[in-house]
Undergrad: 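This is the structure, below, for whatever I ask next.
Here is the naming used below: chain letters follow the sequence lines, and residue numbers restart at 1 for every chain.
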Amino acid sequence: MTMATGTTEGREANGTGGSGGIISRHGAVLFRIVALSALLLLISQIAFAWFSLNEFEKVLRPQLERKAEVVGRAVGNLVRYSVDDLGFPPERLVGVDAYFTRIMHANPDIDFMALLDAGGGVLSLDGISAEDFTTIDLSEAVPGATVPSSASEHVAAPFPISVDGTVVATLIVGVSLEYVSDRLSDIYLDVITVIVVSWLVTLEFMLFFMNTKLTTPLNGISIALARGQKGVFADRVVSRARDEVGLVTASINDLIHALQQKYDDFRFELHEVRSAQLDKAVVQRVQAVKNRVDARLRFSGGEDIRPSSSLQIRIPLFLLMFSEELSRPFLPIFISRLVPAETTVSHEFMIGFPITLFMFVAAVLTPFGGVLSDRFGARRVFILGAIPATIGYFGTFLTQGYLDFIMWRTFSGVGYGLIFIAAQAWVAENTRGRHMAQEMSVFVGAVFVGMICGPPFGGIIAARLGYEATFLLSAGLAFVSGLIVYSMLDNSMGKRVRAGTRLGISGARMLLLDPRFFAVTFLAAVPGKFIVTGFFFYLLPLHLNAVGNSQSVIGWLMMLYGLSTFALLPLVSRFADRSGQYPVLVGLGVGLTGAGCLAILPELGIPNPNVAAAISILCLGVGHALSLPSQLAIIQQAAARFHGAVGPASAISAYRVIERLGLVMGPLVAAPLAIAFGTAGAIVGLGLITLAFVPFYAFAMYLSRNRPGAAMGELS
Amino acid sequence: MTIGFSTRIAMALAVILSVGLGVTGILSIQTFERTLGEFLSTRFQFVVDDVRQRIETQLDLGLELSDMQNVPLIMDAYLRDDSQILTIEVFEETGTVVHSTDTSFVGDVVTEDWMQAWNESGDRNNWFLFQRDAGVVGSLIRDSFDRDVGSVALRYSRDYLDDTVRVHRSVLLGAGIVNVVIILFLALFGSLQVLRRPLRDLRDLNDSVRRMAARKFGADVDDGDSRLYDELPEYGDFARSVQEAQDLISEATAEVRRIDEEQAGRA
Amino acid sequence: MRDRGPFVPRAAVVAALRRAAAGLAVSLLAVTIGGAQESGSGKADPYRIFAVLWRGETEVEDGFRAQLTQRGVPFELTVRSLDLDRGNAPPIIEEIREARPDLVYTWGTGTTTSIVGRLDEDDPDSFVRDIPGIFVLVAYPLEAGIIENFARPGRPVTGVSFLSPVDVQLSAIVAYHPFKTVAVIFDETAGNSRINVASLRETAPEFGLRLLEYPIPVGSDGRPDPEELPELVERAKRDGAELLYMGPDSFLARHGDVFTAEAIRNGLPTFAATQAPLLNSRAMFGLVTEYYTLGRLAALQAERILVDEVPPEDLPVGRLSRYKLWINRDVVQEIGLYPPLEMIAVADFRESARD
């Protein structure tokens with residue numbers, strides 16, 4: 001017999017307040033360890049990056065000065081030719097500024113050029129203001145060698161021009177040290193990305209590690225202790241730990257075993273005594289002693305305590321999300337290269353189709369995965385999902401053309417769909433009666449951390465090593481994800497925690513006829529989701545690529561979505577619960593999502609297309625943060641009004657199914673728009689379509705507000 | 001065998017850090033190599049473009065490519081000024097070298113890959129080639145009939161680039177290893193500090209549980225145990241419950257024996 | 001080689017050997033191709049070219065000969081001159097008809113129209129019309145009625161254009177100095193000058209230039225009067241001209257000494273579209289075609305016709321992609337208007353023909 005126990009963050013948090021020691025106070029220990037790891041990692045990464053860039057600058061700087069010398073000598077020769085060979089007076093030379101400008105334009109590493117007369121007066125100057133130029137001390141300059149300027153980050157090299165041994169003019173060529181750092185700056189973004197990603201991975205990993213190694217086994221001990229307090233010494237704590245906690249666990253098991261042994265000895269003696277006796281009264285006396293012990297203590301009928309935690313699924317789920325998100329910044333670009341030149345369907349549709357197919361497969365598997373999880377337990381379904389996911393990514397790595405690409409992506413979609421559901425089921429299995437929404441933050445957290453880390457990291461890998469290499473990495477991560485679940489998580493057999501999520505036909509009818517449910521799902525969730533696949537997954541990478549961005553930059557920009565949602569979600573949730581203005585927040589969120597897409601419009605006059613795209617992405621992130629928790633709240637309210645006819649869980653799963661419809665539709669809506677108006681036009685189009693949903697949603701909400709029985713804030 | 005918590009944490013951190021630093025290091029060295037390569041080739045490009053411009057001006061004046069007396073002088077001057085330049089050459093459309101800083105090359109024909117790089121440069125003014133032993137920067141010479149009549153080509157040593165990158169690769173590797181080792185110790189030390197009390201509690205708990213298992217009937221609790229009971233109330237309750245159980249069973253056993261003896265005495 | 005030694009001695013030796021081997025291969029190849037060419041054309045004899053000049057040999061012919069020789073085209077050049085008189089044409093035409101050369105080369109608009117005639121000539125019999133022709137030094141072949149258009153001449157006569165296009169000339173002018181007013185003093189009786197001034201008039205506003213036109217008054221003989229030149233220069237100066245423009249005007253070229261001296265006296269720079277005022281008198285700067293280069297370009301055209309057997313009627317008139325910026329340094333010093341550094345880098349500086 002097996003028993004699973006749940007651990008929640010809430011419990012850990014509560015534990016910190018108590019006066020207890022390690023057993024109940026592990027929350028504080030966990031926090032300190034995670035903080036320590038994060039701090040150490042950050043310091044060492046920054047130190048390393050700083051060190052390496054510093055080393056590079058040391059090498060690159062002299063190269064810059066060499067370039068200045070070459071340019072200075074060539075230009076100096078021309079000036080000498082004009083002055084000496086042609087006899088043109090240096091102060092009468094014209095077009096020097098224009099010539100300097102042309103040289104500086106062709107050689108962006110040259111920062112400024114100046115021509116001075118014999119007395120050091122400035123004849124021509126370009127690239128630097130006269131004031132700044134005076135700060136450069138040339139008194140100790142050696143011809144042709146650079147001197148650092150006292151005030152700024154310039155270095156300048158003088159080239160004297162002499163006629164018959166007399167210096168008649170001096171050419172100054174200046175380079176900016178900033179140029180070196182500018183040229184190295186495209187690595188800054190990459191390094192920052194790597195730091196952020198490894199930082200988040202460390203956080204995730206430490207949480208997982210501490211949870212698996214400390215929190216969860218301590219919970220097992222805690223349960224054994226609690227049962228012992230009640231005189232139950234029948235259980236055994238199952239632990240794989242070989243550390244301090246493992247020792248304690250083993251000792252407690254030994255202690256319990258010793259007690260059981262002692263009881264067995266007692267029983268044996270008692271049995272001997274009793275069987276040797278014929279006197280009924282004596283037998284009764286002996287039996288009374290046993291009854292006294294048995295009334296107080298219990299040694300049999302125990303269970304194996306297998307501590308497990310909803311948190312444990314975080315790292316495997318994170319790894320899988322991470323592996324899927326790696327290809328986010330280039331997937332449509334990658335597909336467009338695979339699309340055959342001659343197609344019966346339009347190019348745009350061919351690009352969108354695999355994205356739609358992936359979402360469709362994942363959506364179709366959702367109920368199926370649920371049934372499997374109920375039957376075999378989340379752990380097995382997770383492992384089952386990791387297999388096609390790994391195969392799919394590996395196949396994509398080897399992909400030859402459009403058709404096999406579709407096939408491999410279908411594999412990945414199957415895996416993704418199964419794992420998504422399995423992870424949710426794991427959380428549900430390990431929650432047991434506690435607040436579901438709070439538990440789901442474990443799940444949502446892993447998804448968002450994956451969405452933050454994946455695109456920028458994938459962008460870097462794609463930019464440096466190519467698209468295919470990224471899929472190979474994805475395959476590796478998906479494999480590791482499955483391996484972790486296989487080797488580190490214990491199987492908690494499926495319990496009927498999903499009971500009540502079945503939705504009968506009558507229930508479905510009730511839900512669909514409820515105007516608020518209808519408004520939130522079809523008029524808010526669907527447009528909110530189709531913009532994710534249509535805009536964010538499909539059009540945005542193409543657009544950002546078309547305006548000339550590297551994969552690193554695209555990935556970095558796309559990270560803003562996960563980041564903004566993740567950062568705002570808890571804040572907005574709290575605000576929403578306090579104000580109870582769920583419908584307003586949903587409307588605002590969807591409106592913001594749509595309006596953000598309009599930032600791409602060139603008529604808005606946002607000079608930098610990346611700034612415009614960043615605004616769109618942030619609007620999407622903020623919009624989702626605003627509307628998602630409130631959508632769930634409204635769904636739960638709606639379910640509550642049916643007074644048990646429809647459970648909140650089944651209402652939510654119905655909402656999820658409809659929401660996925662939006663994900664599937666996204667590229668299908670975006671493709672014809674892209675054909676008609678181009679990529680940027682299609683983004684604006686999607687924004688307008690989304691915005692068009694808002695008045696309908698508002699109207700539906702307004703109507704339902706006046707209906708009897710639809711009380712506002714019923715649950716809040 | 002037990003591996004302590006602190007060691008595990010330090011090792012996990014070291015692994016993540018090594019991967020992170022490895023990725024940072026690879027990205028950095030790659031950017032560095034590219035940037036350094038560009039810094040070098042931009043200088044050489046300036047040189048070949050300057051030589052080309054002088055040649056073209058003279059072509060406009062009607063001079064033959066092979067007749068330009070001052071071109072070798074200009075090229076020699078550039079070669080003298082820059083130790084990284086191996087040779088500067090001018091070759092005609094047939095590939096025949098007409099000027100070179102290494103006069104023994106004059107009259108030779110340049111290699112096929114040079115000709116290919118030159119031919120494939122199309123409308124661009126420069127061509128680049130990375131060969132095993134040298135980098136090559138070329139500049140197309142066009143005459144006033146707009147025909148490609150040849151090219152200036154500059155071979156520069158790759159040794160400097162390769163050596164510098166190699167040196168920095170090992171410097172970064174060293175720095176990374178030092179970094180990881182330092183962090184390993186800091187993590188070990190830090191987590192030992194953080195875990196000192198919890199681990200002491202766990203060890204005490206372990207000792208206490210073991211003592212309890214070996215406890216004789218009616219024996220008093222250890223001093224350490226009573227401290228633990230106060231600090232870990234859950235354990236205190238449990239321990240008391242265990243003691244009760246032990247005592248209860250012992251008492252019961254004793255009572256059964258007494259009954260047995262009573263009966264034996266009676267018999 | 002200071003740098004070579006320590007770096008890659010072995011690679012260098014190998015590279016040198018490889019180059020030597022490749023060189024041998026290529027020279028063998030060249031011999032083979034040369035042989036094939038000879039037999040392919042079926043002509044062991046040299047190509048016979050008949051040149052008719054206006055006033056004796058110039059550098060154009062030097063360039064022409066040099067280029068053909070360099071390209072290995074065997075040729076035999078017969079040279080005749082009209083000696084500045086069209087009346088000398090008929091006997092030469094007769095000689096050409098008898099000799100039946102492979103190509104007729106004509107120098108200048110007058111020679112060309114005298115020997116091969118205009119497109120719309122009434123009396124085709126008095127010209128050479130059935131032998132491929134090539135012209136040089138014709139300023140306006142289209143306007144002179146020699147060809148139909150530059151891309152496809154439309155008759156078996158093609159040539160090389162020696163004038164830089166007017167817009168290129170004007171860009172050079174404004175690049176030298178931001179001039180606002182340009183004066184052109186020209187021989188109204190000459191077709192070339194009229195065509196040139198007309199296209200100047202059309203193009204100048206595009207460069208923000210005001211064009212002042214001064215036709216040289218005609219004397220009693222119906223020809224322009226050189227005595228009027230000093231007065232015209234002074235008038236232009238009074239009217240605000242900042243630069244004098246000298247087009248392809250043979251009258252002005254003949255009186256270049258007087259004209260440019262007068263310009264210098266008035267502190268006015270002169271721009272020349274042809275070589276003569278720069279070479280023979282004291283114009284300040286100009287955008288010109290070197291006669292020698294022009295001859296080489298003509299030789300390229302001749303090679304296309306003779307060796308590649310391209311019909312001349314399909315062969316576009318040859319044109320340079322770059323022209324020579326000629327600056328007379330001493331004139332610049334006297335006027336005191338210095339060229340911008342950018343021009344100094346590419347210009348050919350000379351001393352003017354001072355007596």
Undergrad: Chain A heavy atoms under 4.5 Å from Gln193(B): which part of the residue, side chain, backbone, both or neither?
TA: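 Interface part for Gln193(B): neither.
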Undergrad: Test side chain to side chain donor-acceptor pair (under 3.5 Å) on Gln287(A) and Asn291(A) and set out the steps.
TA: CA-CA 6 Å; Gln287(A) 187 60 37; Asn291(A) 287 349; 3.1 Å; yes
Undergrad: Checking Tyr78(B) against chain A: side chain, backbone, both or neither under 4.5 Å from a heavy atom?
TA: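 For Tyr78(B), the contact with chain A is made by the side chain alone.
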Undergrad: Check the surroundings of atom CZ in Arg240(B): do more than 12 heavy atoms from other residues, nucleotides or ligands lie under 6.0 Å from it?
TA: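 Correct, the count exceeds 12.
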Undergrad: Is the His168(B) ring parallel, tilted or perpendicular to the Phe32(B) ring (thresholds 30°, 60°)?
TA: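 Plane angle between 30° and 60°, so tilted.
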Undergrad: Under a 4.5 Å heavy-atom cutoff, which of Ala74(A), Ala250(A), Ala226(A) has the most pairs with chain B?
TA: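 Heavy-atom pair counts peak at Ala74(A).
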Undergrad: Sort Gln45(B) into side chain, backbone, both or neither according to what part of it lies under 4.5 angstrom from a heavy atom of chain A.
TA: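 Neither part.
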Undergrad: Can you name the closest pair of heavy atoms from Leu140(B) and Arg52(B) and give their distance?
TA: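 Scanning both residues completely, I find the closest heavy atoms to be O-CD, 2.7 Å.
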Undergrad: Please classify the contact between Asn179(B) and chain A as side chain, backbone, both or neither, with a heavy-atom cut-off of under 4.5 Å.
TA: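 Answer is side chain: those atoms of Asn179(B) sit under 4.5 Å from chain A.
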Undergrad: So for Ser191(B), is it side chain, backbone, both, or neither that comes closer than 4.5 Å to the heavy atoms of chain A?
TA: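 Both parts, backbone and side chain.
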Undergrad: In terms of heavy-atom proximity below 4.5 Å to chain B, should Leu64(A) be classed as side chain, backbone, both, or neither?
TA: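 Both backbone and side chain.
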Undergrad: Heavy atoms only, distances under 4.5 angstrom: which of Asn107(A), Ile43(A), Leu53(A) has the most pairs with chain B? Name it, please.
TA: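 The candidate making the most pairs under 4.5 Å is Asn107(A).
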Undergrad: Relative to chain B, which of Arg292(A), Arg66(A), Glu55(A) shows the most heavy atom pairs under 4.5 Å?
TA: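 That would be Arg66(A).
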Undergrad: Can you see which heavy atom on Lys290(A) is nearest to which on Phe266(A), and at what distance?
TA: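 Of all heavy-atom pairs spanning Lys290(A) and Phe266(A), the closest is CA-CZ, 4.1 Å.
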